[in-house]
Number of protein chains: 2
Amino acid sequence: MKRDQRLVQSETAIVEAALKTLITNPSAAMSEIAIAADVGRATLYRHFETREVLIKALVVDCMKETEIALKGIEHLKGRAAFEAIFDLLMPLADRYQFMAGIWSQVQNDKDLVKIEAGWKKDMQALVKQTKKRGEINRDIPSEWIVAVFDSTFAAAWVLVSSGDLSPSDAARYAKQTFFSGCAG
Amino acid sequence: MKRDQRLVQSETAIVEAALKTLITNPSAAMSEIAIAADVGRATLYRHFETREVLIKALVVDCMKETEIALKGIEHLKGRAAFEAIFDLLMPLADRYQFMAGIWSQVQNDKDLVKIEAGWKKDMQALVKQTKKRGEINRDIPSEWIVAVFDSTFAAAWVLVSSGDLSPSDAARYAKQTFFSGCAG
DNA sequence: TTGACATGGGACATAGGTGTATCAAAACCG
DNA sequence: CGGTTTTGATACACCTATGTCCCATGTCAA
C-alpha cells in the first residue's frame, strides 16, 4: 500500500514554500506560508502541529543536508578541509540564508543549539590544526578567524542567493579572500 | 524658560534602553522597552507616537552619528579611506548591530532606504577608485569586494559587542584581513 | 508656594496571529 | 466503482501587542 499521493504533494509544497517565504520574512505568519504553498491553512496545521514544529523541522532538514554534504571530508586536513567546506556548502546558500534569519526564533531549542555548538567546536579545532600546519597566521586570534570564516560565507551566500554569483564562482572568491586574508 | 528636566530624562532613558533591548531582540515589544527604560508604557507612547516612529528615530540617530564620525575624511583616497572608515566606525559597533537586526522592519521607509542606497553607491565608487590605484585586485568583482567589506565589519562588530575584542584591535584585524584578502 | 505639566498605572478597544473543531467536497487506493 | 482519506473553507476561542484615554500623584519652574 502506497502512501497517499496528496500527503507527499502537500508536504513538499509546504516545505518549499515555507523555506522561500521565511527567507524573505523570518516572522511570516502561518497564513502567508499556507498561501505561498497554495494550501489551506488547516492543511498546514495537519502536517505541522505548530509553527514551532514547522520551523524546527525545516532547520533539522537543513542541518541534515549539511552533514550529508560534508560526509567524506573527515580525512582532509587544514586548508584542504576549508576549501572542501566552501565548495560543498556553497550550493546550499539559500538554506543558510534561512538558518541565519530564523536562528533567533530557535535559540531556546536545546537540540538545535547543541548541534550548532558542536559545529562551532569542530570549526575551532580545524582552525587550530590549520594554524599548526602553517597555513594560517598563528598571530591572529582563532575567534577572529572563525568570525571571518562565517562572515565570508555569509557574504558569498547573499551574492549567490541574489543571483549575482554562481555557487562555484562564489566558492572560488570566498576561498581566495579567506586564505589571503588569514595567511599573512 | 528651560525645558522640563523630566522630559529629557525620560527620553534619554528610553532611547538608551530601546537600543540595548532591540539589539538582543529586534522584535521586542513596546512594554519590554518601557520596562527596560524604567518608564511607564504610556510615557513611552507620549514620547514616540508609535513603535514605527521610535524605530525610525533610533535608526536616524545612528545614521547621523555615522555621518558625523565620517566627517572630514572626504580628502582621503583608496586604501587610506578604507582604513579610516574601519577606525572611525568600529567604536559604533553596537549601533550597527542594532541597524543590522532592525533593518528588515524598516525596508518600507523610503527615507532610510534612500540613505542606505546612497552609502552603497559611495562604497562602490570608493572600491573602483581603490582598484585604479592598484590597492585592490582588479580581477575581483566590485560586488564581491563590497560584500566582503560589509561582512568583515559585521564580524568585527560581533566580537566587539560581545566584548571579545576592543574596537581598536578589531579595527586592526579587520583592516589586515580585508586588504590581504582583496589585494592578491 | 502655586499653577502647570509630566508621569505611572490601569482600563479599554482593536487588530492580528495561533491553534482547534467541524463539514461537505474532492481525490485517492484497491 | 466504493469506501477511505485528505482537503479547503469557515467559525471559533484564545492570546498578545498596539495604541488611546483618563486620573490621581508627584515634580518642576517661575
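Any value given below was found using the heavy atoms of this structure, including those in side chains, with hydrogens, waters and symmetry copies removed.
A close approach under 4.0 Å does not occur between any side-chain nitrogen or oxygen of B:Ser31 and OP1 or OP2 of D:dT18. For B:Arg6 and C:dT7, the shortest distance from a side-chain N or O to OP1 or OP2 is not below 4.0 Å. Of the side-chain N and O atoms in B:His47, none sit less than 4.0 angstrom from OP1 or OP2 of C:dA6.
Taking atom CZ on B:Arg51 and atom P on D:dA17, their separation rounds to 11 Å, with Å as the unit. A:Leu44 has its CG atom 12 Å from the P atom of C:dT20, to the nearest Å. Between A:Glu32 atom CD and C:dG16 atom P there is a gap of 12 Å when expressed in whole angstrom units.
No side-chain donor from either of A:Thr66 and A:Trp119 sits under 3.5 Å from a side-chain acceptor of the other. Judged by distance alone, the side chains of A:Ser142 and A:Lys131 do bring a donor and an acceptor atom under 3.5 Å apart.
Considering only the side chain of B:Ala42, C:dG8 comes nearest among D:dT18, C:dA6, C:dG8. When distances are taken from the side chain of A:Ala29 to each of D:dC21, C:dG17, C:dG19, the shortest belongs to C:dG17. Across C:dT7, D:dT6, D:dT18, the shortest atom-to-atom separation from the side chain of B:Ser10 is found for C:dT7. For B:Thr50, taking side-chain heavy atoms from C-beta onward, the closest of the listed nucleotides D:dT7, D:dG19, C:dG8 is D:dG19. You'll find that the side chain of B:Arg46 is closest to D:dC22, out of D:dG19, D:dC22, D:dA11.
Nearest-nucleotide positions on DNA chain D place A:Gln9 closer to the 5' end than the other of B:Ala28 and A:Gln9.
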